[in-house]
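Here the structure is laid out as structure tokens; the discussion comes afterwards.
We number each residue from 1, following the sequence as shown. The analysis underlying the following values was restricted to heavy atoms, covering all of them including side chains, and did not include hydrogens, waters or symmetry mates.
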Amino acid sequence: MELQQLEQLADQYGSLLYSFCLRLTGHRENGEDLCQQAFLKAVELRERIDVQRSPKSFLFALAVGIWKNEKRKLWRRQSILPMAYPAAEEIIQKAVSREQQPEEQILQQALCCQVSQTVQGLKEKYRLPVLMHYTAGFSIEEIGKILKIPPGTVKSRLYYARKIIKKELEAKGYGTEE
């Protein structure tokens, strides 16, 4: 792949990858770093990117791989301290519509915050498919290829993740009729 094609790839998928990285890491700075590292790695490996296949999947697989490696390194360094994933306020703000009434905005923002916190609290094996499917728009098959798991496993993890999210939100009072 030529550098010009890589630039087009960055223009086409840059904001989507950035958004995914923000949600994956839970921190703005870490998300920015991860996105930059993924594109730098793509420049290094540009000869391996097949334009005929899915270059979008290749980029996201790079980001996931880098994130997993960084997480492993951090775990080795701080095996006692758990990682914290605070909600990304910017993402939540974008999800709230500007046309809603103030009360509706506050309720919608609270729900978005709870969903974001719940997703961030999921185990990695559930969180990755959820973020890839619902924020990056990957299909079940694409997620399976990126994570190197069968499509049936992806479906199962999405199902159980939705079930966990629903259960936790209901426990907090969301989704129940009053």
Just verifying a value: how many Å separate L169 CG and I164 CD1, rounded to the nearest 0.5 Å?
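If we round to the nearest 0.5 Å, L169:CG and I164:CD1 are 12.0 Å apart.
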
Just how far is it from atom SG of C35 to atom CG of L62, taken to the nearest 0.5 Å?
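Result: 11.5 Å between the selected atoms.
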
Find out whether L34 and N30 are in side-chain contact, i.e. whether some heavy atom of one side chain is under 4.5 Å from a heavy atom of the other.
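No, too far: nothing below the 4.5 Å cut-off.
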
Excluding sequence neighbours, so at least two apart, what forms ring-ring contact (aromatic ring centres under 6.0 Å, His included) with F60?
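Result, ring-ring contact (aromatic ring centres under 6.0 Å, His included) vs F60: F20, F138.
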
Looking at every heavy atom in both [X] and [Y], which two are closest together, and how far apart are they?
X: A161; Y: Y126; value: CB-CB, 3.9 Å
X: C21; Y: G31; value: CB-O, 3.4 Å
X: V43; Y: R46; value: O-NH1, 3.1 Å
X: E168; Y: T118; value: OE1-CG2, 3.5 Å
X: L16; Y: A136; value: CD2-O, 3.6 Å

E32: partners by salt bridge (Lys or Arg N to Asp or Glu O under 4.0 Å), with sequence neighbours left out:
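With sequence neighbours excluded, E32 shows a salt bridge (Lys or Arg N to Asp or Glu O under 4.0 Å) to R28, given in chain and number order.
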
State which residues pass side chain to side chain contact (heavy atoms under 4.5 Å, CB included) with Y13; sequence neighbours excluded, sorted by chain then number.
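In terms of side chain to side chain contact (heavy atoms under 4.5 Å, CB included), with neighbours along the sequence ignored, Y13 is linked to L9, K56, L59.
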
So, using side chain to side chain contact (heavy atoms under 4.5 Å, CB included) as the criterion, who are the partners of L147 when residues are at least two apart?
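So L147 forms a side chain to side chain contact (heavy atoms under 4.5 Å, CB included) with V64, K68, L128, P129, M132, I143, I149.
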
Any pair counted as side chain to side chain donor-acceptor pair (under 3.5 Å), so long as it reaches residues 156-167, sequence neighbours left out
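Passing the test, one end in residues 156-167: Y134-R162.
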
Tell me which pairs pass side chain to side chain donor-acceptor pair (under 3.5 Å) where either residue lies in residues 33-45, with sequence neighbours left out.
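As it turns out, there is no side chain to side chain donor-acceptor pair (under 3.5 Å) pair with a partner in residues 33-45 once direct neighbours are skipped.
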
Sequence neighbours left out, what passes side-chain hydrogen bond (donor to acceptor under 3.5 Å, both in side chains) with S54? Give chain and number order.
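For S54 the side-chain hydrogen bond (donor to acceptor under 3.5 Å, both in side chains) partners, ignoring immediate neighbours, are S57.
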
List the residues meeting side-chain hydrogen bond (donor to acceptor under 3.5 Å, both in side chains) with E141, not counting sequence neighbours, and say none if there are none.
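E141 satisfies side-chain hydrogen bond (donor to acceptor under 3.5 Å, both in side chains) with no other residue.
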
Report the C-alpha distance between L24 and T135 in whole Å, list the side-chain angles of each, state the deciding distance to 0.1 Å, and finish with yes or no for side-chain contact (heavy atoms from CB on, under 4.5 Å).
CA-CA 10 Å; L24 184 63; T135 64; over 6 Å; no

